[in-house]
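Below you'll find the structure, written out as structure tokens, and then a few comments.
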Amino acid sequence: MLHFLKKEPSRIQFLCQPEDLGVIAPPVAAKANLPEWYRKLPAVDPQHLSARDNGLTIKRCMPFLDAMTTGWILPLAATVRLEIREDGRNVEAGWEFDRVMVSNHGAHQVAGNPKEPSPPCKFHNYWSIRTPPGWSCLFVPPLNRPAQPFECVAGVVDTDTYSANIHFPFFATAPDGVHVIEKGTPLVQVIPFRRDDAAIKADIRVETNEEATSRNAVYRNTIAGPGWYRKMARAAR
């Protein structure tokens, strides 16, 4: 009898110092951190369901859902207060935690950026992130989620070789005032990807008749029967 070895699935690791385990907010799978408004939204709005309206809501939109559920959410380790003054020109941060939570970048480093006059700041993260060889991570503001008093800057890190803690530059986006950002607030969405996949080349041209026929058939099959309703409903739960 032949025995086939199962290939170990690729795995991302989030590692912290022993004294931080159970103290700082942990990363969570993005699919387990859906916004409350989205969880409560019905897949079909009965008030709009009619012969001329299928009553579907955004909960049946697979691209929207897939964006929200891809990867992991890296949260704020401990509660921080942001005080924004002078129409956003001055931002100060405070906290009670025994580690640095926010520091500042020099404004000259991003002179002319669209977020001016808000100065560039940085959230400190105490989870190191490690991926298998050939895998990097894309860090973006959490997708399709409520806006926070800040917006982190997107970036890509080769987490298969860079194992130091990654801190996250951000700009304050809220009006002047004191804004309390609670422990566990989503900072960024972490999306691992294979660098080989990112190197795919583009083919930009007119589609062939065969490709047009295939595209049209896929679309028409999608909307023809009730199966797509059930499939999307299961995915949106």
Side-chain angles (χ1 to χ4, degrees), residues 8-16 20-43 56-80 101-102 122-160 162-171 173-174 179 181-198 200 228 230-237:
E8 184 70 19
S10 298
R11 185 181 299 273
I12 185 172
Q13 295 180 311
F14 296 93
L15 308 177
C16 69
D20 288 339
L21 187 62
V23 176
I24 62 175
V28 295
K31 63 183 178 182
N33 193 248
L34 297 177
E36 190 62 26
W37 72 267
Y38 184 82
R39 293 182 181 277
K40 293 180 178 180
L41 185 70
L56 297 182
T57 70
I58 197 71
K59 204 161 191 176
R60 287 283 180 84
C61 178
M62 293 304 294
F64 187 93
L65 176 64
D66 286 346
M68 282 200 300
T69 57
T70 297
W72 283 263
I73 297 295
L74 198 60
L76 184 65
T79 299
V80 166
M101 291 300 300
V102 176
K122 182 188 296 182
F123 283 119
H124 286 235
N125 158 57
Y126 293 101
W127 292 95
S128 66
I129 302 168
R130 305 186 187 192
T131 48
W135 287 76
S136 297
C137 284
L138 169 66
F139 299 90
V140 293
L143 300 172
N144 298 336
R145 285 172 170 79
Q148 301 290 353
F150 61 88
E151 184 177 314
C152 287
V153 176
V156 170
V157 178
D158 293 340
T159 43
D160 57 345
Y162 187 84
S163 58
N165 290 345
I166 301 165
H167 303 311
F168 300 105
F170 74 93
F171 292 94
T173 55
H179 303 269
I181 307 172
E182 300 288 350
K183 171 184 176 180
T185 296
L187 292 184
V188 293
Q189 192 163 344
V190 186
I191 303 176
F193 66 93
R194 288 188 62 90
R195 288 193 293 277
D196 289 346
D197 295 339
I200 187 171
W228 74 288
R230 292 193 293 269
K231 179 180 178 182
M232 288 185 174
R234 287 195 301 270
R237 287 172 189 159

| note | Across all chains, not counting sequence neighbours, the side-chain contact (heavy atoms from CB on, under 4.5 Å) partners of P146 are P35, W37
| request: Search all heavy atoms of N33 against all heavy atoms of R39 and return the closest pair with its distance. | output: N-NH2, 4.1 Å
| note | Heavy-atom nearest pair, P132 first then R11, reads CD-O, 3.2 Å
| How many angstroms lie between NZ in K59 and CG in L41, if you round to the nearest 0.5 Å? | 6.0 Å
| request: Any chance you could measure I166, atom CD1, to I129, atom CD1, to the nearest 0.5 Å? | output: 4.5 Å
| query | Side chains of C137 and I12: closer than 4.5 Å at any heavy-atom pair? | reply | yes
| task | Would you tell me whether D160 and T131 have side-chain atoms, one donor and one acceptor, within less than 3.5 Å of each other? | result | no
| said: Show the nearest heavy-atom pair for residues C152 and P141, with the distance to one decimal. | reply: O-CG, 3.2 Å
| said: The test is side-chain contact (heavy atoms from CB on, under 4.5 Å); show your working for L187 and N125 and say whether it passes. | reply: CA-CA 10 Å; L187 292 184; N125 158 57; 5.7 Å; no
| field | Distance (rounded to the nearest 0.5 Å) between W127 CH2 and C16 SG | value | 3.5 Å
| request: Determine the interplanar angle of the F150 and F123 rings, folded into 0 to 90°, and report it as parallel if under 30°, tilted if 30 to 60°, perpendicular if over 60°. | output: perpendicular
| message | With a 4.5 Å cut-off on side-chain heavy atoms, are P186 and Q148 touching? | response | yes
| For N165 and H124, what are the C-alpha separation, side-chain angles and deciding distance, and is it a side-chain contact (heavy atoms from CB on, under 4.5 Å)? | CA-CA 8 Å; N165 290 345; H124 286 235; over 6 Å; no
| task | Please report the C-alpha distance between Y38 and N144 in whole Å, then the side-chain angles of each, then the deciding distance to 0.1 Å, and finally whether the side-chain contact (heavy atoms from CB on, under 4.5 Å) criterion is met. | result | CA-CA 10 Å; Y38 184 82; N144 298 336; over 6 Å; no
| What residue pairs, at least two apart or across chains, pass side chain to side chain donor-acceptor pair (under 3.5 Å) with a residue in residues 63-76? | none
| request: Would you check, one step at a time, whether the test side-chain contact (heavy atoms from CB on, under 4.5 Å) holds for R145 with L34? | output: CA-CA 8 Å; R145 285 172 170 79; L34 297 177; 4.3 Å; yes
| query | Are the side chain of Q189 and the backbone of A67 linked by a donor-acceptor contact shorter than 3.5 Å? | reply | yes
| Measuring from F193:CZ to L138:CG, what's the distance to the nearest 0.5 Å? | 6.5 Å
| In chain order, what residues pass the ring pair (Phe, Tyr, Trp, His ring centres under 6.0 Å) check against Y126, with sequence neighbours excluded? | none
| Say you draw a straight line from CZ of F14 to OG1 of T159; how long is it, rounded to the nearest 0.5 Å? | 9.0 Å
| request: Identify the two heavy atoms, one from K183 and one from I24, that lie closest to each other, and give their separation to 0.1 Å. | output: CE-C, 4.1 Å
| Between atom NE2 of H167 and atom CE of M101, what is the distance when rounded to the nearest 0.5 Å? | 10.5 Å
| Are P27 and V190 side-chain neighbours, meaning at least one heavy-atom pair lies under 4.5 Å? | no
